[in-house]
Amino acid sequence: VRIVVAGFGRVGRTFVSHLLDREEQLRLESGVALRLVAVATSRSTWLPPEHAEPAPLRAAIAAERFQRLPGRHEEWNAEEAIRHVEADLLVEATGGDPRHGEPATTNVRAALEHGLHVVAASKGAFVHGRSMHDLAARRGLQLRVGAAAGAALPTIDLARYALAGTRIESVEGILNGTSNYILGAMAASGSAFADALHDAQVIGAAEPNPELDVDGVDTACKLVIIANAVLGADIGLDDVPVHGISGLEPEDLERAAARGRTIRLLGTLRRGGSGWQARVEPTPLPLAHPLASVSGFEKGISYTSDLMDRVTAIGGRSDPNGAAAALTRDILNLVAVLPEGLSSPAPL
Ligand SMILES: NC(=O)c1ccc[n+]([C@@H]2O[C@H](COP(=O)([O-])OP(=O)(O)OC[C@H]3O[C@@H](n4cnc5c(N)ncnc54)[C@H](OP(=O)(O)O)[C@@H]3O)[C@@H](O)[C@H]2O)c1
């Protein structure tokens, strides 16, 4: 499987590093060799020689740049690399504000139009409706977005595989580790939101710009991605009322605790008469609720279906290692369903 990686940031580099470290294990598990044929950033693309030595690539990963690697270098961004390079699969790991959707949307569309399967860690292409899923289906191509929707926490795979054949009625998720960490710190120490956020930033538990995390947008993105990928929905961020945690006072958490509840930033999806209703808001959960035990940086998701009742998953690493491993997991599961190895896509 010839792989183009778009984005050589924390996730892209970690993914490439996993490919190097686990080459043999992955070949045995998937029955195919996973081969890197291009790595692209916003300004340039590296095309490795067929039997590239791993040492220079490891050095480039450590140095966070591939400019001096042996092989061909082109002044292509990821979209140009996708259109020029012979490949089978795109790993989409570019940055950018998911609300605006770029550069991920352009890259994913280019890949599907060009006949590449897609595995994505970025969210931007999937938060404004299900058009990419529809395009993939029309082309007979696989599109996997588990790494974008909780990464190591198997939000999508739980629904797709473990609940197959049931009718999912509702979904509840604590889908953002940073806001869960901050709420935990506020509850434990009685500190104000701003102080808990500052402490989290000092220890690296929150980004310098945590807006998307604490305002609930990251949670809303993941909910929308899950709904469009496995619940048959066609929704976008504009359909989701979102309230974050920055307005919470320590007294709110104390009052909840006095009533035997714990406040969490909860994303919910409920099946309604007119389709799926999504929302994100701080929610007091009874301590007996399965997601009430999600602690620190952890995430969790709980599905309720007609035949299997409530099924919950909790945990998974919330960092580039977890995200890169989720990309690899999605590639292995994708390769496993291809009829006879890689088949030609249907015409556009
Ligand atoms: N970090 C995590 O733990 C995590 C977990 C799950 C999902 N994700 C998602 O995974 C994606 C990557 O995250 P990250 O932490 O690796 O971000 P990052 O460190 O900021 O890296 C982003 C990469 O995207 C590249 N890029 C930007 N515009 C591009 C374009 N037009 N074409 C090709 N490459 C472009 C950047 O290259 P330049 O330097 O040239 O701009 C950079 O290499 C994000 O969408 C993020 O939301 C991250």
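Just follow the structure's listing: the first ligand is 1, and inside any ligand the first atom is 1. Heavy atoms only: backbone and side chains are in, while hydrogens, waters and symmetry mates are out.
Exactly one residue among Thr312, Val294, Leu153 makes a side-chain contact (heavy atoms from CB on, under 4.5 Å) with Ile301. That residue is Leu153. Leu90 pairs with exactly one of Val119, Leu116, Leu112 by the side-chain contact (heavy atoms from CB on, under 4.5 Å) rule, that one being Leu116.
Remark: distances from the non-hydrogen atoms of Ala148 to ligand 1 are all 4.0 Å or more.
Here Ala323 has side-chain heavy atoms under 4.0 Å from ligand 1, and that is the only part of it that gets that close. When heavy-atom distances to ligand 1 are checked against a 4.0 Å cut-off, Pro103 comes that close only through its side chain, counted from C-beta outward. Contacts between Ala326 and ligand 1, counted as non-hydrogen atom pairs separated by less than 4.0 Å, are absent for every part of the residue.
A side-chain N or O of His18 and one of Asn321 form a donor-acceptor pair less than 3.5 Å apart. When only modelled atom types and interatomic distance are considered, Arg264 and Thr283 share no side-chain donor-acceptor pair under 3.5 Å. Side chains of Arg144 and Gln142: a donor on one and an acceptor on the other come within 3.5 Å.
Closest approach of Asp218 to Lys123, counting heavy atoms only: OD1-CE, 3.3 Å.
Polar contact check, Thr94 against ligand 1: a nitrogen or oxygen pair lies under 3.5 Å apart. When only interatomic distances are considered, the shortest N/O to N/O separation between Asn107 and ligand 1 does not fall below 3.5 Å. Remark: ligand 1 and Gly96 share no N or O pair separated by less than 3.5 Å (distance only, no angle test). Considering both main-chain and side-chain atoms, Asn77 never comes within under 3.5 Å of ligand 1 through any nitrogen or oxygen pair.
Considering only heavy atoms from C-beta on, Glu113 comes within 4.5 Å of Arg83 through its side chain.
When Gly9, Ala324, Ala78 are checked for heavy-atom proximity to atom 42 (C) of ligand 1, Gly9 turns out nearest.
Closest to atom 8 (N) of ligand 1 among all protein heavy atoms lies Ala121 O, 3.9 Å.
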